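Step one of this worksheet: look at the structure below.
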Amino acid sequence: MSRKLFKFKGGVHPPEHKAESNVRPLHAAPLPGKLVIPLRQHIGNPAKPVVEVGERVLKGQMIGAADGYISAAVHASSSGIVTAIGPAAVPHISGLPDLCITLSTDGRDEWIAHAPLDYQAMAAADLRMKLRDMGIAGLGGAVFPSAVKLDPGAAHSCPTLIINGGECEPWITCDDMLMRSRAGDILQGVAVMRHLLGSTEILVGIEDNKPEAIAAMQAAAQSLDFAVDVVAVPATYPAGGAKQLIETLTGRQVPSGKLSTDIGIQVFNVGTAYALARAVHHGEPLISRLVTVTGHVLRPQNFEVLIGTPMHTLITLAGERDGSTGALMGGPMMGMPMPDLEVPVVKATNCILVKSNALFPPLPKALPCIRCTRCADVCPAALQPQELFRFAKTGDFGRAQEYHLFDCIECGCCSYVCPSHIPLVDFYRYAKSEIWAREKEKRAADLARERHEFREFRLVREKKEKAEKLAAKAQAARAQAALDQAKPAGLAAAAAPELAAAPSDADAKKALIAAALARAQAKKAGVVPKNTDHLPPGTQREIEEIEARRAKIRELARQPLESEEKKP
Amino acid sequence: MITAILVMVVLAVAVGLVLGWSAVRFKVEGNPLAEKIDAILPQTQCGQCGFPGCRPYAEAIAKGEADINQCPPGGEEGIKKLAELLGVEPKPLDEAHGAPKPKSVAFIDEQLCIGCTLCIQACPVDAISGAAKQMHTIIAAECTGCELCVAPCPVDCIAMVPIAEDLPHWKWKYPVIELKRVA
Amino acid sequence: MPSPFILDRSSVTQVMAWVLAALLPGVAAYVWLFGPAILVTLALATVTALAAEAAMLKARGYPARPFLTDLSAIVTAWLLALSLPALAPWWLIVTGTLFAIVVAKHLYGGLGQNIFNPAMVGYAVLIVSFPVQMTQWSGPLALTETSLTLAQSATVIFGGDAPKATLDAVTMATPLDALRTGLLQQLTVDEIMTQPIFGQFGGAGFEWLAAAFLLGGLLLWALRIISWQVPLAFLAGIWLAAGFLHFFDAGRFGAPWFHLFAPSVMLGAFFIATDPVSGATTPRGKLIFGFGAGLLTIIIRTWGGYPDGVAFAILLMNLSVPLIDQHTQPRVYGTSGRGKEPPA
């Protein structure tokens, strides 16, 4: 079973702190009174709400539908009443609110009718759509809709399927606990993935600091009807990064700017495989996940948590302690500080790490970069972080891109080792979002330029067309007039065509205007609103209301004029 | 003496021919400098610079008839880029042409709109949909925030709404490194 | 404050402290082999550097604490002091240190911003301006009839009334000077090497000082404070260049071992060329940087106007760092070619 492993470049070994939370058994968190379910929990378009305030929903009922291909649905995590659909606090570093559906749970936890899927009998595309509608998204952190990742595409298949049980971030143990306790279910999900992707080689990469998880997965793999290679990989942060795990297991690198499927490899987190198994074999959409609650709490442990549960209820459950200095979603290397603890657990929440000054002392002030290149030594993307820092700091974003800023995976290794304590990753995030914003602005400007140019062109064309039309009409009228005149006074007109032309021109114009006026009158009288027959009474009432409002506005618009007339 | 003159004449004619031929052969359509300037301008088409749109302003700058500091939506950064392109010193924005404002889009109060089409005619990027006696609506994604539709509206139903920061538009801020003593 | 929320224990202070610690074997060997005068020089340079650093920080509006405690000024002071003749007059030490800190470091923008290695700038200024005083090397104790105590050394350095005879008795031309003078007198290398100043494979005493610096350098490498590329390439550059010349005309060019075990080479290879601020940053760049410095050292020693070339070689290579770095960008994960690519 020993497989040749490859070493990815760089990496660090921060203290693991896994033993705090992986010694207590897994518990289901109790049902909270209120669930706040954000509609944007995945990469891509946010889900569109499909319920209304006041509606009763059942556990597992879809409350937000997937919008487009790269999207995923969201579901009610328990039964209850929809109390609000609107902006609410979400777990994002900015503290900005986002569209959420708030449920008041009724405690009955009543499931909507659901049944297992016969995935082998289903068409692949239908199965993928079904998974999208069941809200399956990557639970490793990126929350990319799994249905999209499970599409090997028309041209290429995906021979290698890698299941990521790396979990290299310090403190986090939810994947470890999941593998220890539900290895069989995970591999059931892997079977579905294998079915959809047509993979021939299945590798499970687990860091060698999780021997129980490796043993559990290996045992579960014995009973499968296909081969799964459970591989222990050296524990080095960030060995659990998808690109790093691919390199460790296969020795291949994902080309810059491309997807791993381009080299025939797809990677899923163990949590995603488990969610997929629940969806296919039990018909359950993604409404819960494992969350590690650790750090400055009395009983660090893992919970099975309903999506939408407020974070502070979990911290209370794990035993809140005095002296907390806020909480992170995720681990200490890549986690995000939470603006407040009312925010809900979402699909991306793998860990709630409560900070304290003892565990996470405030970072020392930064000194200038001394170009020691320790950052370059540990960078798993083989970048030159010190150069990227220089470019980002001075706003030289073009150079930053030339030096492959966008190959940075923001793992934090560079900041971790920097002897000058420079928040390097922060500078890269800033530079990236600045570049994106500028590209967006550029696109908007290009669109505006195009539309403006088209408008100019249109105006010129309309003017020309009008002029041509007028000229043609005048010509026709003139000919007609000449003909009319020629009939009664044939010879006279022929003898003096110049004399006759002048008055006839004026007459023709007059006639034209009169005709146009008459046409306009006729049109005005004859205008009938379209599609107004057989209207339902509700719409008819609405139309009447609008007409009444318009009449009133017209009235209002006229009034000041009248009053002005009276003034002098 | 005669030879020298002949040589010079022949040379002059030959070079003249080459120049004339290349002028025809490699003719550059339009004004490349104006195009480069136009690419920097924000394409708001607001006319605050005193020209009827970004392109005419770009052409005026290229001809040296207008200064580079007349574009409020472009702001200081736009001026800096123009200065870089033209190899001149950047200068502060000419306040006579207005001050930079937060990016906004127009919003029509549909309760008030009487469907007069005046705003549609004013919009430089055709970002207002509607027809005579029909309610008008701004296509927010295409609105440049030029404010040209605000003035013509007879019932003052158009307001400029600053684009609020939301999650998809949120940006990472420049990290603050405190090094200098806070005086 | 976003992630990461944990830091490795490293700090600039720690890095600089290790560099100073790694210099201690060299300092000890210096005292043992050449007498305690170097201690006076080191102390004087340290005090001057700290004072200059504090003054410059104040003038530039920077807080003094984090920058004085980062020890970088002391590292500069020690490297300069160890490059100077131990019995150089006090004003020479002060001038060199001041120039290093004020001009080469702070006028370029302070810590992390200097293009040139400050200690080497200070050294270059002194050797160009005061070539005579720069020859007051104390000879190896094994060769001099008399030796100076710490107090006597201080008296000499601070310009006290040291009898000229005493000074002559304790100072001596360095092996490199001796080689140079000998060659100018049309002597062959073999003839020159019979002089007592030459030892087993370098200069008498000097070779052991060089070995002590090598020991400290290996410590820095073992701690991963310096990378292997710069010192190895530097030494390889010296070895190859000197070996090449020696191979073709052993009579006119010194042996590679002799060139390698000049103290300035070991100090330069492990402590000065490895200065991260003014050195190359990419792995291949470091190789080029080190090798170039080694090559230039031999060229300057052989054909230049000064007996030693380490300082000028490193300064010249400092100058080419941006170019080296730009053309030696390593292959980024997932990209095919080396170096930078236009944005996609």
Side-chain angles (χ1 to χ4, degrees), chain A residues 38 40 45-46 87 90 92-99 365-369 389 392-393 395 415 420-438 440-456 458-459 527 546 549-550 553-554 556-557, chain B residues 35 38-47 52-56 58 73-74 77-78 80-81 103 105 110-116 120-127 133-135 139 141-146 154-155 157 163-179:
Chain A
R40 190 196 310 272
N45 295 332
V90 292
H92 189 269
I93 182 171
S94 68
L96 289 171
D98 201 17
L99 197 58
K365 288 243 168 80
L367 284 175
C369 170
F389 162 66
K393 197 175 120 192
S415 301
S420 288
H421 313 308
I422 301 170
L424 293 161
V425 186
D426 249 23
F427 278 92
Y428 310 146
R429 292 190 187 112
Y430 155 74
K432 284 182 188 176
S433 75
E434 203 60 33
I435 291 168
W436 283 322
R438 281 172 195 208
K440 226 185 251 174
E441 254 169 45
K442 175 94 176 46
R443 274 200 300 275
D446 287 345
L447 178 73
R449 181 185 298 115
E450 198 181 298
R451 291 184 70 86
H452 181 64
E453 276 166 8
F454 181 75
R455 177 188 148 88
E456 305 272 276
R458 177 173 62 81
L459 291 180
V527 156
I546 291 166
R549 202 168 61 226
R550 282 189 179 153
I553 289 165
R554 250 175 253 138
L556 282 169
Chain B
E35 229 144 75
D38 194 38
I40 292 172
L41 295 176
Q43 304 303 322
T44 320
Q45 317 291 0
C46 61
C54 297
R55 178 80 204 188
E77 202 180 311
K80 229 169 77 188
K81 281 190 192 162
K103 194 156 166 36
V105 290
E110 295 172 352
Q111 304 286 332
L112 294 179
C113 175
I114 54 170
C116 68
I120 296 184
Q121 290 164 38
C123 179
V125 290
D126 287 343
K133 308 228 168 150
Q134 313 261 329
M135 184 189 67
I139 307 167
E142 279 157 15
C143 173
T144 64
C146 69
V155 290
C157 74
I163 299 176
E165 190 177 48
D166 59 357
L167 272 189
H169 291 102
W170 179 80
K171 283 201 293 189
W172 285 90
K173 307 293 176 293
Y174 187 82
V176 182
I177 298 192
E178 291 168 43
L179 263 186

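As the structure is a computational prediction, the values presented were derived from the model and not from experiment. Just so we're on the same page: letters track the sequence lines, and every chain starts at 1.
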Chain B contact via A431(A) - which portion, at a heavy-atom distance below 4.5 Å: neither
Under the salt bridge (Lys or Arg N to Asp or Glu O under 4.0 Å) test, residues paired with K440(A) that sit two or more places apart: none
Partner set under side chain to side chain contact (heavy atoms under 4.5 Å, CB included) for C146(B), not counting sequence neighbours: T44(B), C46(B), P124(B), T144(B), L148(B)
Contact origin within D166(B) toward chain A - heavy atom pairs under 4.5 Å: backbone
Backbone of P168(B) reached by a side-chain donor or acceptor of R40(A) within 3.5 Å: no
Backbone of D38(B) reached by a side-chain donor or acceptor of Q43(B) within 3.5 Å: yes
Per-residue contact mode, P73(B) against chain A (heavy atom under 4.5 angstrom): neither
P46(A) versus chain B, the contacting section by heavy-atom distance below 4.5 Å: neither
Interchain contact, E77(B) with chain A, by part (heavy-atom threshold 4.5 Å): side chain
Among K442(A), E450(A), R438(A), E441(A), residue most engaged with chain B (heavy-atom pairs, under 4.5 Å): R438(A)
Flag, side chain of Y430(A) to backbone of K171(B), donor-acceptor distance under 3.5 Å: no
Residue part contacting chain A, namely of C143(B), when any heavy atom lies under 4.5 Å: neither
V105(B) side chain near I163(B) side chain, heavy-atom distance below 4.5 Å: yes
